[in-house]
Protein chains: 2
Amino acid sequence: MNTLAEENYLKCIYHLGMNAAIVSTNQIAASLNTKASSVTDMLKKLADKALINYTRYQGVTLTPAGEKIAIGIIRKHRLWEYFLVEKLNFKWDQVHDMAEEMEHISSQELVDRLDEFMGFPKHDPHGDPIPDCNGRFKTPELIPLSTLVVNQCGVISGVRDHTSPFLQYLEKQQLTIGKKITITDIIEYDHSVALKIETDKEIHISREVANNLLIAL
Amino acid sequence: MNTLAEENYLKCIYHLGMNAAIVSTNQIAASLNTKASSVTDMLKKLADKALINYTRYQGVTLTPAGEKIAIGIIRKHRLWEYFLVEKLNFKWDQVHDMAEEMEHISSQELVDRLDEFMGFPKHDPHGDPIPDCNGRFKTPELIPLSTLVVNQCGVISGVRDHTSPFLQYLEKQQLTIGKKITITDIIEYDHSVALKIETDKEIHISREVANNLLIAL
DNA sequence: TAAAAAATTTAGACTTATCTAAAATATGAA
DNA sequence: TTCATATTTTAGATAAGTCTAAATTTTTTA
């Protein structure tokens with residue numbers, strides 16, 4: 001098995017790799033709150049284990065073996081988040097740190113039974129897809145709310161910022177996963193957005209919030 | 001917070017301390033499959049943190065602070081074991097290693113909510129008492145089955161050996177927690193025991209098995 | 001009660017994962 | 001295309017937890 005540090009690096013590289021073909025040492029260092037030199041050391045180790053493709057100064061990608069491990073960790077993270085919210089009644093802004101610990105529980109059988117216990121959920125509390133026991137999952141077409149135009153409507157289906165303050169704000173505004181919204185106005189001056197939630201409540205959000213809310217059309 | 005290694009030492013000292021006022025370096029080393037010199041190093045560290053009472057060559061006891069931590073870990077271990085058996089349908093011989101990992105998940109609120117989710121169980125799948133959120137628990141008077149006499153009866157309420165082979169054997173013989181048994185014969189020659197389970201099945205067990213089965217009268 | 005045996009501790013070394021500081025390489029702007 | 005800057009790597013150090021081998025202390029036993 002892999003150490004906790006190795007697992008965290010693989011997960012990090014996977015996440016960063018979603019937005020770029022190649023992931024740089026500095027990106028990883030920033031993401032893990034560590035130093036570039038520490039990252040280089042770990043990259044050598046992961047390359048020795050054939051979990052990443054790495055050439056000095058050229059950045060990294062995951063090998064299929066590395067990606068499989070990363071997806072397994074993400075599967076565990078999201079299933080435990082679902083458990084914490086659906087079974088233990090935590091709020092969606094409270095579960096991230098706990099799931100960061102729980103994602104490293106090693107038993108494959110445990111996670112598969114947990115999945116079954118909860119009825120094979122397809123999305124975690126933040127709308128992110130949960131990989132199945134073979135690591136497969138669909139990434140639905142989601143676009144930032146900020147790209148919609150006036151009168152366009154859609155369903156809140158994900159977030160790009162997973163931090164507590166943002167999630168708490170959304171909760172208070174009733175901007176939660178599954179809610180249908182319609183754009184009623186876009187203010188030219190600051191690109192803030194007015195919108196209607198379901199059929200009643202009308203609210204106004206900043207460009208930044210609109211950028212971090214993901215919509216399914 | 002404490003490291004994983006520290007938590008394991010505290011738990012180990014707690015368990016060994018159940019059978020002796022003072023716990024020795026060698027006992028800890030044997031129990032943790034490590035070397036006495038490693039134990040000495042860790043004892044210094046735990047003493048510096050005021051979690052154990054330690055004087056060179058004299059063995060250790062837990063301080064109240066150390067005991068509180070140990071009981072917290074045991075609470076988590078037993079609650080997760082209960083979860084694995086009652087919610088995820090694992091067998092009682094399969095859950096120990098998983099719970100060894102899960103007992104180190106740090107959130108106090110998580111464990112308290114887990115406790116509530118399961119209805120505040122009093123005993124884990126092996127019959128061991130689960131401390132409440134204040135660390136309190138009752139240790140019922142249990143005696144080895146080997147101390148009973150012919151015609152005496154009691155209820156199977158715990159085990160002294162928690163290893164898979166023993167638990168699997170018990171399961172196969174239907175010698176599980178809660179079953180009422182009555183001694184029908186004790187063979188002088190090898191101290192093996194014949195007994196009746198509930199009102200029907202009659203079986204024969206070795207002295208060793210009888211020694212590791214705990215009975216409530 | 002003194003020597004032998006057992007238990008424990010100390011000394012020094014190793015591994016993992018991290019760091020700082022310095023060196024090497026890549027990038028991009030003039 | 002060359003030089004300044006940014007990025008990345010290397011070198012050497014540190015802390016946690018472990019190890020072996022040697023030294024010390026306690027316990028046992030004759």
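In what follows, chains carry the letters A, B, and so on, assigned in the order in which the sequence lines appear, proteins first and then strands, with residues in each chain numbered from 1. All heavy atoms count here, side chains included; hydrogens, waters and symmetry mates do not. Quick caveat: nothing in here was measured; it's all calculated off a predicted structure.
- Contacts between residues 29-39 of chain B and DNA chain D, defined by a heavy-atom separation under 4.0 Å, are made by B:T34, B:K35, B:S37, B:S38.
- Within 6.0 Å of CD on B:E208 lie no more than 12 heavy atoms contributed by other residues, nucleotides or ligands.
- Shown here is B:K35, whose NZ atom has no more than 12 heavy atoms of other residues, nucleotides or ligands within 6.0 Å.
- Straight-line distance from the CG atom of B:D48 to the P atom of D:dA16: 11 Å, rounded to whole Å.
- Judged purely by distance below 3.5 Å, without hydrogens or angles, the side chains of A:T63 and A:N53 never pair a donor atom with an acceptor atom.
- Residue B:L43 contributes atom CG, which lies 16 Å from atom P of D:dA16 at whole-angstrom precision.
- Atom pair A:K44:NZ and C:dT15:P shows a separation of 16 Å (rounding to whole Å applied).
- With a 6.0 Å cutoff to the six-membered ring centre and a 45° limit on the axis angle, A:K87 counts as a cation-pi contact of A:F117.
- A:Q27 has its CD atom 17 Å from the P atom of D:dA6, to the nearest Å.
- Aromatic pair A:H96/A:H126: centroids not less than 6.0 angstrom apart.
- Atoms CE (A:M42) and C1' (C:dC19) sit 14 Å apart, rounded to a whole Å.
- The phosphate of C:dT8 has OP1 or OP2 within less than 4.0 Å of a side-chain N or O from B:N26.
- One can place CG of B:D41 at 13 Å from C1' of D:dT20, the figure rounded to the nearest angstrom.
- A pairwise comparison of heavy atoms in A:A99 and A:E81 identifies CB-CG, 3.5 Å as the closest pair.
- Aromatic rings from B:F83 and A:F83 are positioned such that their centres are separated by under 6.0 Å.
- A:W80 approaches A:E103 most closely through the heavy-atom pair CD1-N, 4.3 Å.
- Ranking D:dT9, C:dT8, D:dA16 by closeness to the B:T40 side chain, first place goes to C:dT8.
- Contact check on B:D112 versus B:R75 returns a salt bridge, with a Lys/Arg side-chain nitrogen under 4.0 Å from an Asp/Glu carboxylate oxygen.
- When all heavy atoms are compared, the tightest approach of B:I73 to B:E7 is CD1-CB, 3.5 Å.
- Here B:K11 pairs with B:E100 in a salt bridge; the nearest charged N to carboxylate O distance falls below 4.0 Å.
- At a non-hydrogen distance threshold of 4.0 Å, A:Y54, A:R56, A:Y57 from residues 50-63 of chain A come into contact with DNA chain D.
- Residues from residues 4-25 of chain B placing a heavy atom under 4.0 Å of any atom in DNA chain C, listed by number, are B:S24, B:T25.
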